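Numbering of ligands and ligand atoms starts at 1, following listing order. In this text the structure is predicted, and so the values were computed from the model without any measurement.
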Amino acid sequence: MKVAVLAGDGVGPEVIAEAVKVLAALRREGSAFEMEQASVGGAAYDAAGDPLPGPTLELARAADAILFGAVGGPRYDALPREKRPERAILRLRKELNLFANLRPASVFPELAGASTLKAEVVAGLDILIVRELTGDIYFGQPRGIRELNGGVREGFDTMRYTDEEIRRIAHAGFRAALKRNRKLCSVDKANVLETSQLWREVVSAVGKEYAAVELTHMYVDSAAMQLLKNPRQFDVIVTGNMFGDILSDEASMLTGSIGMLPSASLDEKGKGLYEPIHGSAPDIAGKNLANPLAAILSAAMMLRYSFDQDRVAARVEVAVKKALAQGYRTADIFQQGTRKVGTREMGDAVVAALS
Ligand code: IPM
Ligand code: MG
């Protein structure tokens, strides 16, 4: 088994170093996999003029799984779209056909008080957002900025989904729901958008194959509200690329910190890219402040989904729980009475808790 390690920019290298530390500890005990690093994002643009250089893409293709940090930073904001660090992750998703993005948001009991929502609203929360990742307005053509008559400029993007694309992500959503509490909420904007109307029709049709799963539909604005009002009503949410991007950031805040949320992006065969859902956080980069738990939990998802090592994955998750129970907290989840530590110390605490 080969893991491509693409750390990227900002806090990416710091949090990925901690995930690699955890993986290296498991390897010392006999888990068999190799890790190979390559540059990506702004770092790759600086070194090679391309956010996703050919060798990096080749390594990602050849690997059995990819562990990804984060990309982007204010230094690159003025670059043309093709050169921006974000292009690297968008291209990787598209080129490797990683259409199914699983973003679990669950509340560790120790952190219920760290959410800005009342602990009684979020305690016990366990949601899985299944976000479509290779279509929608992120990739739809035509798009651009054009000049209209009279010199007026117009920016435009195209939201589009084929029934095939909707069907395969719907199946991913239903299959995930079958393994959990058998409730699937499909989120769209069918009261306004044609794309969403097709989405709703296709998801409903696929639902006929999953009698054991209770399917509901919700408009995205209402879903955003319900996530804050009564988040525990949700089990699995399935939605498109754009809505999923927004709702998963919102859901992360229920759990106390975006620094806690891992993700898996899978293709048809289960090959995956694993990344924390947080970004490069340039404001805290290089300061040993970032929370590495999302990256470490992403490595756990990798062990579970790409390597079929459920038991080892669970050990990593238990070690994270243990480190939290022992009181270790990075700044983003710090509360009175706990022990504030840096990125590296949190990684060490998880490694120590493995044994
Ligand atoms: C995410 C990020 C990306 C996205 C960015 C970095 C392109 O926000 O993974 O949620 O919009 O998908
Ligand atoms: Mg996002």
Side-chain angles (χ1 to χ4, degrees), residues 6-13 15-16 19 39-45 50-52 56-57 60 66-77 79-105 127-140 143 157-159 161 165 169 187 220 223-224 227 237-255 257-267 272-283 285 290-291 294-295 297-298 301-302:
L6 313 182
D9 308 321
V11 299
V15 298
I16 290 301
S39 73
V40 76
Y45 173 78
D50 182 352
L52 185 62
T56 302
L57 179 57
I66 302 152
L67 187 61
F68 190 93
V71 289
R75 285 206 294 129
Y76 310 102
D77 279 350
L79 290 174
R81 202 167 51 84
E82 279 304 311
K83 298 283 183 194
R84 288 186 62 120
E86 291 80 2
R87 276 307 288 167
I89 184 64
L90 295 174
R91 269 194 72 201
L92 276 171
R93 290 169 180 172
K94 191 73 177 172
E95 301 262 352
L96 302 180
N97 202 17
L98 305 169
F99 69 93
N101 185 211
L102 312 182
R103 297 190 160 188
I127 298 177
L128 176 67
I129 296 183
V130 177
R131 169 189 176 194
E132 200 290 330
L133 208 53
T134 54
D136 203 355
I137 196 164
Y138 269 59
F139 295 97
R143 61 185 289 161
D157 297 272
T158 305
M159 178 179 274
Y161 267 122
E165 289 172 312
I169 195 68
V187 171
V220 62
L227 270 173
I237 290 175
V238 65
T239 189
N241 204 346
M242 180 76 171
F243 300 153
D245 179 46
I246 299 166
L247 293 182
S248 59
D249 267 33
E250 187 189 0
S252 77
M253 278 297 115
L254 305 171
T255 73
S257 170
I258 196 165
M260 295 296 301
L261 262 64
S263 81
S265 307
L266 306 175
D267 74 2
L273 180 150
Y274 300 85
E275 59 174 325
I277 85 154
H278 64 71
S280 56
D283 52 322
N291 185 345
L297 291 168
S298 297
M301 287 187 92
M302 176 176 88

Are there any protein N/O/S atoms under 2.8 Å from the Mg ion (ligand 2), and if so, which?
D245 OD1
Inter-residue atom distance E82.CD - L52.CG, 0.5 Å rounding
10.5 Å
Would Y76 and D9 count as having a side-chain donor-acceptor pair, cut-off 3.5 Å?
no
Are D136 and F243 close enough that some pair of their side-chain heavy atoms sits under 4.5 Å apart?
no
Rounded to the nearest 0.5 Å, what separation is found between the OG atom of S263 and the CD1 atom of I129?
11.0 Å
Within a radius of less than 6.0 Å around CE of M159, do more than 12 heavy atoms belonging to other residues, nucleotides or ligands occur?
yes
Starting from atom 8 (O) of ligand 1, find the nearest protein heavy-atom neighbour and note its residue, name and distance.
D245 OD1, 3.2 Å
Nearest non-hydrogen contact to atom 3 (C) of ligand 1 from the set R93, E86, R87 belongs to R93
Flag the pair H278 / N291 as yes when at least one side-chain heavy-atom distance between them is below 4.5 Å, and no otherwise.
no
Mind checking whether M242 contacts ligand 1 via backbone (N, CA, C, O), side chain (CB onward), both or neither, at a 4.0 Å heavy-atom cut-off?
neither
To the nearest 0.5 angstrom, please state how far the OG1 atom of T239 sits from the CD atom of E132.
10.0 Å
Say whether I277 and ligand 1 are in contact under the criterion: heavy-atom distance to a ligand atom below 4.0 Å.
no
Taking only non-hydrogen atoms of Y138 and a 4.0 Å limit, the atoms of ligand 1 in range are 4 (C), 11 (O), 12 (O)
Does some side-chain heavy atom of D77 sit less than 4.5 Å from a side-chain heavy atom of R84?
yes
How about atom 5 (C) of ligand 1: does it have a protein heavy atom within less than 4.0 Å?
no
Sub-4.0 Å heavy-atom contact, R103 with ligand 1
yes
Rounded to the nearest 0.5 Å, how far does OG of S248 lie from CD1 of I277?
4.5 Å
Under 4.0 Å from a heavy atom of R131: give me the atoms of ligand 1 that qualify, with their elements.
1 (C), 4 (C), 9 (O), 10 (O), 11 (O), 12 (O)
Report yes if some heavy atom in the side chain of K83 is under 4.5 Å from a heavy atom in the side chain of Y45; otherwise report no.
yes
Looking at ligand 1, does any of its N/O atoms fall within less than 3.5 Å of an N/O of E275?
no
